[in-house]
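The structure under discussion appears below in the form of structure tokens.
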Amino acid sequence: MRFATWNVNSVKARLPRLLEWLAATKPDVLCLQETKVGAEAFPSAEVAELGYETAAYGQGRWNGVALLSRVGLSDVRRGFDGEPGYPDPEARAISATCGGIRFTSIYVPNGRTPEDPHYVYKLAWFAGLRAALAQSSGPAVVAGDFNVAPTDDDVWDPGVFVGATHVTPPERRALADLRELGFTDVVPRPMKGDRPFTYWDYRAGMFHQNKGMRIDLVYATADVASAVRDAVVDRDARKGKGPSDHAPVVVDTDPGSVF
DNA sequence: ATGACGTATAATATACGA
């Protein structure tokens, strides 16, 4: 199986690139984030022409997540039990069973700054996600924009991030709490350079200088993680005219593995 | 060259992103 995660930063604005990428990469399952459309406006018909079923969860202007699958898509759940909101729950998580694996596409709250109420919300959201995942069992993949760089090696210059969100000990603790549930961080290889960054700010030529962050993560249960044969950041998708500021992470499991 | 911010909206400025 090939599965992937990609923060597309608006599925409407990215639709031509998304369709081109799907046709070329052919993932069996794709976790999308920041679709920025309501479920009714998701381009389901367009991706259906490429053989994909869609489950979308959106609220219009902000957030929005979706799952695309060509290996089945069942038991769709939007959000999760006990999900915190700001104050109301936002479209940040969607789950479905595809090819025997329970996939969850997540877009974790940004947090803005460690002093901001959104930072408290971010940590509460992680805690809620952890509690919900603790209630489930079986092969699972939680993939998406975690908005946390797991280590200092996952940002281009730790000095720049002193006092900033995405690198604080409580945020990294939230990731560790998920791993303690039995999830493995499937670290991809970079296509180029020494570190597998997945996000580069649009501004000031950050991509071209490889000043990025690894914040798009794939967390897999042991059965799935042990079947992984390759994982890569598709930085080609960050190139050219009109890219998202995030690159997809593409994971291949052993063809002999059945879940 | 990958090439110097982008997306969305009750819009011509503002919120948000990380």
Side-chain angles (χ1 to χ4, degrees), chain A residues 5-18 20-21 24 32-43 56 58-66 86 90-92 106-123 125-126 144-172 174-175 190-217 232-249:
Chain A
T5 182
W6 193 9
N7 178 326
V8 288
N9 186 17
S10 170
V11 74
K12 282 185 182 174
R14 217 66 58 210
L15 186 57
R17 289 186 71 121
L18 172 63
E20 179 184 20
W21 184 86
L32 289 170
Q33 303 87 37
E34 281 207 84
T35 54
K36 297 185 176 178
V37 290
E40 77 292 341
F42 193 93
Q59 59 184 79
R61 185 175 190 180
W62 306 118
N63 312 313
V65 287
Y86 196 87
E90 301 174 311
R92 296 184 176 278
I106 65 169
Y107 176 50
V108 178
N110 173 288
R112 301 189 182 181
T113 72
E115 297 75 32
D116 196 291
H118 286 87
Y119 178 83
V120 178
Y121 169 44
K122 181 179 193 174
L123 295 178
W125 198 89
F126 265 124
D145 182 351
F146 283 57
N147 268 324
V148 179
T151 74
D152 280 352
D153 284 339
D154 295 309
V155 295
W156 60 275
D157 180 0
V160 171
F161 291 86
V162 173
T165 185
H166 291 59
V167 300
T168 66
E171 290 168 283
R172 288 174 171 169
L175 296 184
M191 273 185 167
K192 180 184 173 185
D194 60 341
R195 288 182 288 176
F197 297 144
T198 64
Y199 163 85
W200 301 261
D201 196 295
Y202 283 124
R203 290 166 285 193
M206 298 291 271
F207 178 65
H208 320 293
Q209 301 168 68
N210 198 27
K211 294 180 176 176
M213 308 171 73
R214 185 172 78 95
I215 54 175
D216 298 272
L217 309 179
V232 63
V233 179
D234 184 1
R235 70 189 303 282
D236 286 344
R238 181 65 176 77
K239 298 178 181 177
K241 183 176 174 57
S244 169
D245 42 2
H246 296 251
V249 177

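Please read all numbers here as calculations on a predicted model, not as lab measurements. Computed from heavy atoms alone, side chains included, the values below leave out hydrogens, waters and symmetry copies. Naming: A, B, ... by sequence-line order, numbering from 1 per chain.
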*Can you list the residues that meet the side chain to side chain donor-acceptor pair (under 3.5 Å) rule with A:R235, with sequence neighbours excluded?*
none

*Over how many whole Å does the gap from A:K239 atom NZ to B:dA4 atom C1' extend?*
17 Å

*asked:* From CH2 of A:W200 over to C1' of B:dG3, roughly how many Å is that when rounded to an integer?
replied: 15 Å

*asked:* Classify the ring geometry of A:F161 against A:W156: parallel below 30°, tilted from 30° to 60°, perpendicular beyond 60°.
replied: perpendicular

*Any ion pair linking A:R203 and A:D245 (charged N to carboxylate O, less than 4.0 Å)?*
no

*asked:* Is A:R14 close enough to B:dT7 that one of its side-chain N or O atoms is under 4.0 Å from OP1 or OP2 there?
replied: yes

*Please measure how far the P atom in B:dG3 lies from the corresponding atom in B:dT14, and state the result in whole Å.*
31 Å

*How long is the span from the CG atom in A:D116 to the NZ atom in A:K122, to the nearest 0.5 Å?*
11.0 Å

_Between B:dA1 and B:dT12 - P atom distance, rounded Å_ = 39 Å

*Sugar-phosphate or base contact per nucleotide [nucleotides 8-18 of chain B; S, B, -; heavy atom under 4.0 Å]*: BB-----BSBB

_For A:M206 and A:G242, find the nucleotide of DNA chain B closest to each by heavy atoms; which residue's nucleotide sits nearer the 5' end?_
A:M206

*asked:* Distance check, P atoms only: B:dA10 and B:dC16, in whole angstrom units.
replied: 15 Å

*C1' atom, B:dA11 versus B:dG6: distance in rounded Å?*
16 Å

*Crowded around A:Q209 CD? As in, over 12 foreign heavy atoms under 6.0 Å?*
yes

*Would you please say whether a donor-acceptor pair under 3.5 Å links the side chains of A:W21 and A:D234?*
yes

_Using the C1' atom as the point on both nucleotides, what is the distance between B:dA8 and B:dA4, in whole Å?_
23 Å

